[in-house]
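Below is one structure, written out as structure tokens; the observations come after it.
Whatever order the structure lists ligands and atoms in, that order sets their numbers, starting from 1.
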Amino acid sequence: MSATYNFCAGPAMLPQAVMEKAQSELLDWNGLGTSVMEISHRSKEFIALTEQAEIDLRELMSIPSNYHVLFMHGGGRGQFSAVVNNFLGNNGKALYLVDGSWSSAAVDEAKKLAGETQIDTLNIIEKNGATSRVSIPNLKELDQDYRYLHYCPNETVDGIEIFDELDSPWPIVADMSSNIMSREIDVSRYGLIYAGAQKNIGPSGLSIVIVKDELLQLPQLPQSSIMDYRLGVKHGSMYNTPPTFAWYLAAEVFRWLKASGGVAEVQKTNERKADTLYQFIDSCDFYENRVAFENRSMMNVTFYLKDEALNDEFIKLAKAAGFVALKGHRSVGGMRASIYNAMPLEGVEKLVEFMADFADKNKA
Ligand SMILES: *Cc1c(COP(=O)(O)O)cnc(C)c1O
């Protein structure tokens, strides 16, 4: 089999070393003679795994001790509702910044669960022709008492990223599903960080929640017990049976990240990967990117062929050459190369070679 480079936006590729380790110990984990999937989540072996996973995640992200780490069910969208139900109560208000598809979906869910009047929204995308740019007003001038501010620092579908940390008078809730651990951040600036696992952490279904202790005092709405942060904390993320295999793989990804030098090192590689791809796109008048320079996502590189009639041919030849899942999201069209932590620099360099070759052959 020739090399396949998988640019899927999610579920995304996992580090090869992790997949190989999982394969080698699939039937006999930790000398138990069974798979990690087939043992009790309350066994001492599995508990040891979860403890190490938390230690590693805390170290990777420098998570302060007044924050809890939860491993939950329900992916990214599960948290769209959990945040509302855990923090808003009957009369709290929240502000949602909208910079693309996922932050907009979070608003829809919040409005469904809380009253329309409890959810304020602010569109922070400015269009200049076809180019999108993020523009955030001075939040301190909004004279409002919000329980939290929700935003999505990396819009996976649109390829838009907000790199600056926000200056918010209210606790910040951030959907980091597609950029968690892609670069260093200061966790202490956030009230809650959540991420569906399938982009940068592990298999789908699992979500990681990092929540500041004091936010757990906020009034809740009635909700399913498995989505209750306080019960999650009290039961060590084991109020019910957790997704154990996903947790195991996440733990292996954390281990791999640490062995790769941690987030600071991975960030350097991610910057090189994104620079390589964007610089090529800018240098070649066959392709274009439609996001302002300072908001171009480091994880999801969206681009368009200037002659869109060639889209199908591009996808077909790319696939034949081993570059899969490059088609953009159906809502925005074009192409998207998702280059999460697990994508090696080599994959991006090879993709650029392919794109240059395709451009040469198809130039009018
Ligand atoms: C993928 C994604 C989600 C949704 O995740 P699910 O696990 O499918 O619910 C939410 N937010 C962002 C930013 C995403 O990239």
Other residues, nucleotides, ligands: >12 heavy atoms within 6.0 Å of Asn128 CG: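 Counting neighbours around CG of Asn128, 12 or fewer heavy atoms of other residues, nucleotides or ligands fall under 6.0 Å, so no.
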Pair Glu265-Ser260, side-chain donor/acceptor within less than 3.5 Å: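 The criterion, which ignores hydrogens and geometry beyond distance, is not satisfied for Ser260 and Glu265.
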Identify the protein heavy atom lying closest to [atom], giving its residue, its atom name and the separation to 0.1 Å.
| atom | value |
| --- | --- |
| atom 8 (O) of ligand 1 | Gln198 NE2, 3.5 Å |
| atom 1 (C) of ligand 1 | Lys199 NZ, 1.4 Å |
| atom 9 (O) of ligand 1 | Arg77 N, 2.7 Å |
| atom 15 (O) of ligand 1 | Thr156 OG1, 2.4 Å |
| atom 11 (N) of ligand 1 | Asp175 OD2, 2.6 Å |
| atom 5 (O) of ligand 1 | Gly76 N, 3.4 Å |

Short side-chain to backbone donor-acceptor contact, Lys234 and Tyr229, under 3.5 Å: no
Sidechain-backbone polar pair: Tyr146 side chain, Gly92 backbone, donor-acceptor under 3.5 Å: no
Close approach of Met176 to ligand 1, heavy atoms, under 4.0 angstrom: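 Contact absent.
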Matching residue for Arg183 among Glu271, Glu165, Glu161 - test: salt bridge (charged side-chain N to carboxylate O under 4.0 Å, His left out): Glu161
Within-4.5 Å side-chain heavy-atom neighbours: Leu26 and Met37: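 Yes, at least one pair of side-chain atoms sits under 4.5 Å.
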Ring centre gap for Tyr96 and Tyr151 strictly below 6.0 Å: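 Not close enough - the centres of the two rings lie 6.0 Å or further apart.
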Ligand 1 atoms in contact with Cys152 (distance to a heavy atom under 4.0 Å):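 Counting atoms of ligand 1 from 1, those under 4.0 Å from Cys152 are 13 (C).
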Ligand 1 atoms in contact with Ser178 (distance to a heavy atom under 4.0 Å): 15 (O)
